[in-house]
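For reference, the structure is listed below as structure tokens.
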Amino acid sequence: MKEPIKPYGDTLNDGMVQLSFTLPVENGPRAMKAAEVYVSQLNFNKISVVHAQKISDGFTYFMVYAEANPSIDYSTIEATEMEFEHMDFYTINALIKETLNRPLRVVGGTIGNDAHTVGIDAIMNMKGYNQDYGLERYPEIDADNLGSQIPCQEMVEYAVRHHADAILVSQTVTQKDSHILHLTELIDLLDKQGLRDQYLLLAGGAKISHELAIKLGYDAGFGPGTLPSQVASLLITKIIERAA
Amino acid sequence: MKEPIKPYGDTLNDGMVQLSFTLPVENGPRAMKAAEVYVSQLNFNKISVVHAQKISDGFTYFMVYAEANPSIDYSTIEATEMEFEHMDFYTINALIKETLNRPLRVVGGTIGNDAHTVGIDAIMNMKGYNQDYGLERYPEIDADNLGSQIPCQEMVEYAVRHHADAILVSQTVTQKDSHILHLTELIDLLDKQGLRDQYLLLAGGAKISHELAIKLGYDAGFGPGTLPSQVASLLITKIIERAA
Amino acid sequence: MPQIPINTQQITKSKQLAKEIADQVQLFINDHASVSVERSVLRLYGVDGIDHNDTPLPNRLVEILQQQGDLNGGISRPFASAMLKSGLNAQQTAEQVEQGQLKLDNIANFSSIELDNREQALALEAIKVMDRSNARKHAKIAKNPLPPQPWRYLIVATGNIYEDCTQAESAAYSGADMIAVIRSTAQSLIDYVPYGPTTEGFGGTYATQANFRIMRDTLDKASIEQGRHIRLVNYASGLCMAEIAACAAFEDLDVLLNDSMYGILFRDINMQRTFIDQHFSRLICARAKILINTGEDNYLTTADAVDNAHTVTASQLINEAMAKNAGLTDDLLGLGHAFEINPEIENAFLYELAHAELARALFPDAPLKYMPPTKYKSTDIFYSHCMDTLFNMASVMTHQGIHLTGILTEALHTPLMQDRYKSISSVNYVFNAARGLGDELEYKQNGFIVKRAQQVLDEAEALLERTKLDGLMQTIEQGAFGDIKRPMEGGKGLEGVFEKGVNYTNPVMDLLEGRS
Amino acid sequence: MPQIPINTQQITKSKQLAKEIADQVQLFINDHASVSVERSVLRLYGVDGIDHNDTPLPNRLVEILQQQGDLNGGISRPFASAMLKSGLNAQQTAEQVEQGQLKLDNIANFSSIELDNREQALALEAIKVMDRSNARKHAKIAKNPLPPQPWRYLIVATGNIYEDCTQAESAAYSGADMIAVIRSTAQSLIDYVPYGPTTEGFGGTYATQANFRIMRDTLDKASIEQGRHIRLVNYASGLCMAEIAACAAFEDLDVLLNDSMYGILFRDINMQRTFIDQHFSRLICARAKILINTGEDNYLTTADAVDNAHTVTASQLINEAMAKNAGLTDDLLGLGHAFEINPEIENAFLYELAHAELARALFPDAPLKYMPPTKYKSTDIFYSHCMDTLFNMASVMTHQGIHLTGILTEALHTPLMQDRYKSISSVNYVFNAARGLGDELEYKQNGFIVKRAQQVLDEAEALLERTKLDGLMQTIEQGAFGDIKRPMEGGKGLEGVFEKGVNYTNPVMDLLEGRS
Ligand code: B12
Ligand code: B12
Ligand SMILES: Cc1ncc(COP(=O)(O)O)c(C=O)c1O
Ligand SMILES: Cc1ncc(COP(=O)(O)O)c(C=O)c1O
């Protein structure tokens, strides 16, 4: 059954959207007209340019409300979702013990020139995140957090040396797509050395989605608010899947 | 010469736009995907759905940054602009005296069921607006501010009775286009009675633009921040034009 | 815990002045009634519904009586007599009268004791309407308690009651404690209460009893879901103040906008009519325990908020005195004020604090209604959002009662669902982060804030002195409030005012005023 | 005007402890130097430019000396000798050395007096570099004065110096008083200062002397347009602290991020290297009157802001003591702290005020650098905007010096032009509306805020006691700051540290330390 949807302001399907942007023009009636024309090219009608403000010589900032024309069919929308049961600390440990009969070995860190470790620390360090223990705390997980700015080569060597089951990489800086650069570099390196299939590869970070991670060749991607137990659940679920 | 422009974030022509809107769907990965797909239909790429928040059962609010594709040619943009010199109190009075040799007669008010008078008061009452005297203060202007919620018929009768040169209408409430309804009602009434050309017709209000006023058949439209002296300047300029 | 040291003698004196002003007006009120007071009596007796022209029956009946020239005796006795004659209930009797099958002029048919008794019985039923509503609200609050103050008040205004419910659900989900359904523009100027559920309003939704019920049901569900009693607010002010109060009592409304002067100043409703109507409406509110909100905040939308701060204070004192004359207790007095100072004034926030603390000090037990910035809101919604954030801070710092949530799109449109969410997020953030701030601070003795509060009180006192001398009606004629002048005989609705005849009866009013 | 009553004896005691800690480290510093200290000397002597591999000449020359095994005598004397030999200026001499036409090992050719004199002359030139910069800045400020505090500090970070200028112009137009050009990620880990204008950085723009000049020119124009001196800020911390300070002195920078421990904790730079480098860099700052900003705010991004508030205080005291050891005066001490408490904590704002007032009370004459919320910023930019608005309020209330403008898109991306505008609008609004608030209020004696400030000071004092006993390096090894542990021999750049030989000369340092 079709489920056509549009943005909602205060009347179903009114299409109401708020936009703000800057145009490289000097403020004035022509600038406001330009903003309106521009927004009309974005498939909107009933365009109100409600605010125009000079913010530098030759630059004007606009606030716009407008009604979007398109309607999409929600029934056709599919998200790339991870499939795993979110288990708790005890269940996960028990399951690892049962399946592997040895600790699950995980190595993680922030690669490239990214120095943000708070995210990977939240997942790996004892303390964990939001009352949820980090992987280091799991008796059945051997977790090594290498820290930040780890060159990809070093990460791979470490994984090989320590017989890791999974490599966890964190990326926070996304300016000029630097996260994609680094994540791709790691995959390429693993590919080149024929190691890609040896490891579960997880990416995470504020702007990482599962969809993006899959697209880049990772096994899973984790965004904001991820709990360590989710990561651990996914790891053991995947390992059981692979074993089967 | 062509002047192609696009929104500017931090690199020329990056097309960066901020959007926010609500979709009538329950939050979750599918909802976020729907937001992304929706924005893609608005002619954007590199879409980041940076925030998704349930705000009611079955409603999710989204914050999005994305890069707009279109580029428009600024050299082709023309705004409907009023043409008049902005004169001061003394010049205007002198000019009225010189041209008309009698007071300029103005009647104004808020028509329809709109009760907002602060705008029309700002233009007409003694006190004026932002250190700029209101029309009542002009010795050469007879200004009658009828107040709010004036039925169109009453406004017209008053204008006829008092031999007005100009009718000034204010409209603030725009919900369900009620301003357009009222402004059109007045024009239709004047048309029907063959009185349209007898008066200078000015519209004003927070969401009135010159362009809109012209479209509706008014002589001029004034938006936020209008000063009484601008209105007076326009009036006398138009009267001189008509006389010529 | 008033933070601002204010001379208690000066407070007593100002309150005394306000009482004298109110008592003067009360003398006038006591001798007069209005069509809408009479219609309210009918509604409380159980008359509802409309005729084939969509005219509400209460209007039809009062019109009939008026056409007969018998209005100055009041509707109660003729209607009681008609009921005695018909032997039917109030609604059926009214229908018969409307259809011309029964007349309203047959008082003579019954003995004065018979009529007295019938009227008294009807009036007791009317009182029960109010008491039952109060009891039902108590029961709801016992299950889902009231949240701590400041109460987060949000408006819905789509024009369509069903769409309003959708918006209200969202507001409740995000934290609203009170939902006000804004009325369609100019409803206050129509001299009847529209009937049934409505879906077409401009800038708001018609206040009808059916709409009240629909929204109350929605909020009852939301209250259970959220575990806090979410109050319903509507507007009484206008030509039907008392009738709307009656409808509100039927439908368990918690709060009504109800000001003794708003209609006069902002709707150009005749002042005599307004004073009469507000009194009866407030009697109803007092009995049904409907909290009232007054509208002093509006003054600052037409007059400058620094220059006219004292008019707000003076008006609050007058509103309070009139409310007390109608039996309203402190806990029901949502006296209004606002955060409306031009943000470009240096130290605008200090002025705001001074004004807010003064109100707090004058009415320590009243759940003050604090209005957000509106007039100086920008079309740059980010800037407006900051203004609201400081307003939220002022509100929680100074322990306000009812917090009208400022909306970042105030200068643009009636709120969209997401606007409301964004705005209440700011309230939630600030209230949590600064909950205890007011209790941590002291204002410097002789500092700017303390001096400013004192100055406003001095000016208010002077205005009250003058008002007492000239009379309130005369002072309004001179434009003392909101920079707006209204003549005593001008404005809408004067034709609905009448002097009570010697034979005037209104046993509901008598009971409410404790006279029988 | 410290608002919080703090025991002055306790302050004196804490400052004494910090001084003892700093003096301990100073003993180590005095005996050591680093490659980057030597390179700074060369820069101040007038050596600039790069070789055919893009290696800066200061690096090449120090490398050559190191390869000869002569580094522990310092670069000054061999270089003076080379100049005597070549008879050319510093730059030309360096080029000849780089090209192998001149050696750095010929000290013996000249008498010790000749060498002393040449070194002394070079050092005096170096001092003039700093003094001239100071004079130029003074002249600019005389024409376009400094605005009142808190100074509105905004960042640009496009990666392209020219695009940065466009953004900086916009920021200045909207009210910025200080512009910081954020560095490309990981520049602090490269052991040289890149050369020339650059247009490709990640998350920021390379700090190069040419980039400094380009931005300074832009801001000079903006200062004239705006009628206030707009300061330029860049980052010293990292493997090139002292060199960047030297470059900054050439290009009239007003402010440098310059912390005695940031590099250790947040960049894993070796602590010995960092302590040595920061000292020389600060000597330069003191002479060129470059205000330093320390980085205690960073601790609260990795450690909890309530639990670790005292580490900020302790670190400020240590940073202050070390800065004083390098001759920096109070007016040049932009000691850092931050508004980083989880907004979900009840009364988070009260904690923030307590922390901000404590800093204010401890360092009454320092232009404290106050960082906005970053860690708990939401991707809902409206919510984040509210957080910044309360931060702005806290800043102006507590009289902070340098106000890092919080950006509503903090949790998303480096600021776009419009983000910066929206954010500074909030600052302008709050600063104007609440300018005098801090002077109007008093904190309740024994209230939450006063007690909290006292608690933090007590904890800081205890940490300083422990640090004094164990030594600063050991305390860092234990993870006392920012929840981060760093070993004494670990981290980057240790290889660049050397013990001063008996023949070590550094006449610039001698002059800066007042030893000659
Ligand atoms: C803290 C912080 C810092 C600290 C980092 C300290 C440290 N040791 O990590 C310091 C101050 C050092 C810093 C420096 C810089 N930062 Co910074 N920083 C932040 C800040 C404020 C918070 C990030 C954070 O800690 N979030 C909390 C954690 C818990 O969230 P998270 O990372 O998303 O992690 C969760 C999930 O994503 C997931 N996850 C994360 N990683 C992984 C990995 C795996 C395998 C899995 C399964 C899950 C997972 O699980 C976590 C828990 O739920 C953000 C702004 C913000 N509010 O987001 C800017 C921010 C990230 N920084 C930014 C920048 C640009 C920088 C600098 C480059 C600036 C500069 N030029 O100097 C520098 C240099 C850093 C570098 N070279 O990388 C930008 C990035 C812009 C962009 N999108 O490209 C931001 C967004 C600020 C901004 N608006 O400009 N920063
Ligand atoms: C003050 C105010 C009121 C006051 C009005 C008092 C009065 N006597 O005017 C009161 C409290 C009574 C009020 C009531 C209502 N209001 Co009202 N109100 C406002 C408010 C806060 C400010 C408007 C204002 O005074 N601006 C200042 C003046 C100086 O600006 P201005 O009108 O734009 O005028 C300037 C120019 O436009 C121009 N101009 C204006 N008119 C004319 C005419 C001519 C001829 C010329 C040349 C120039 C000109 O010159 C002026 C000076 O520069 C706005 C929100 C806001 N911040 O904008 C809401 C707002 C306008 N109100 C609104 C609504 C919905 C209502 C109500 C309908 C709500 C309700 N259902 O009860 C009621 C009923 C009013 C009615 N029937 O019309 C909405 C309108 C939404 C929409 N776009 O449709 C707004 C935007 C608030 C909101 N976000 O919901 N309101
Ligand atoms: C006391 C009071 N009554 C009524 C109203 C609204 O009435 P109306 O429906 O006439 O706009 C307000 C508006 O703010 C008010 O303050
Ligand atoms: C004192 C100090 N120095 C330097 C930096 C930035 O250095 P880097 O370029 O290493 O990120 C910061 C960051 O906030 C800082 O606080």
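Residue numbers start from 1 in every chain, and the chains themselves are labelled A, B, ... in the order their sequence lines are given, proteins ahead of strands.
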Legend entry - Interchain contact, C/N428 with chain D, by part (heavy-atom threshold 4.5 Å):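 Interface part for C/N428: neither.
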Legend entry - Interface moiety of C/I345 toward chain D, non-hydrogen atoms closer than 4.5 Å: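 Just the backbone, heavy atoms under 4.5 Å.
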Legend entry - Pairs of heavy atoms under 4.5 Å with chain D: top-ranked of C/V430, C/D388, C/T389: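 Among C/V430, C/D388, C/T389, the one with the most close pairs to chain D is C/T389.
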Inset, instruction - Select, from D/A348, D/P343, D/C386, D/G447, the one with the greatest count of heavy-atom pairs under 4.5 Å involving chain C. - result: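 Result: the option with the highest number of such pairs is D/C386.
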Inset, instruction - Please determine, among D/Y443, D/F431, D/Y351, D/Y383, the option with the most heavy-atom pairs under 4.5 Å with chain C. - result: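 Of the options given, most contacts go to D/Y383.
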Legend entry - C/K444 side-chain N/O to D/D439 backbone N/O, donor-acceptor pair under 3.5 Å: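 Yes; judged by distance alone, with no hydrogens or angles, the pair exists.
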Inset, instruction - Could you tell me whether a side-chain N or O of D/E440 sits under 3.5 Å from a main-chain N or O of C/F448, the two making a donor and an acceptor? - result: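 Yes, D/E440 side chain to C/F448 backbone: donor-acceptor pair under 3.5 Å.
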Inset, instruction - May I ask you to check whether C/Y421 and D/F382 place their ring centres under 6.0 Å from each other? - result: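 No: the rings miss the under 6.0 Å criterion.
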Legend entry - Interatomic distance, C/M393 atom CE to D/L390 atom CG [nearest 0.5 angstrom]: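 Separation between the atoms: 4.5 Å.
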Legend entry - Distance, nearest 0.5 Å, that separates NE2 of D/H385 from OH of C/Y429: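 Reported value, rounded in 0.5 Å steps: 12.5 Å.
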Legend entry - Derivation of the side chain to side chain contact (heavy atoms under 4.5 Å, CB included) call for D/L353 and C/L437: CA-CA 10 Å; D/L353 286 181; C/L437 186 58; 3.7 Å; yes
Inset, instruction - Give, as side chain, backbone, both or neither, the part of D/L408 having an atom under 4.5 angstrom from any heavy atom of chain C. - result: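 D/L408 touches chain C through side-chain heavy atoms alone.
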Legend entry - Region of D/D380 in contact with chain C, defined by heavy-atom distances below 4.5 Å: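 The side chain, not the backbone.
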Inset, instruction - Would you indicate whether C/E344, at its atom CD, is surrounded by more than 12 heavy atoms from other residues, nucleotides or ligands within a distance under 6.0 Å? - result: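 Open.
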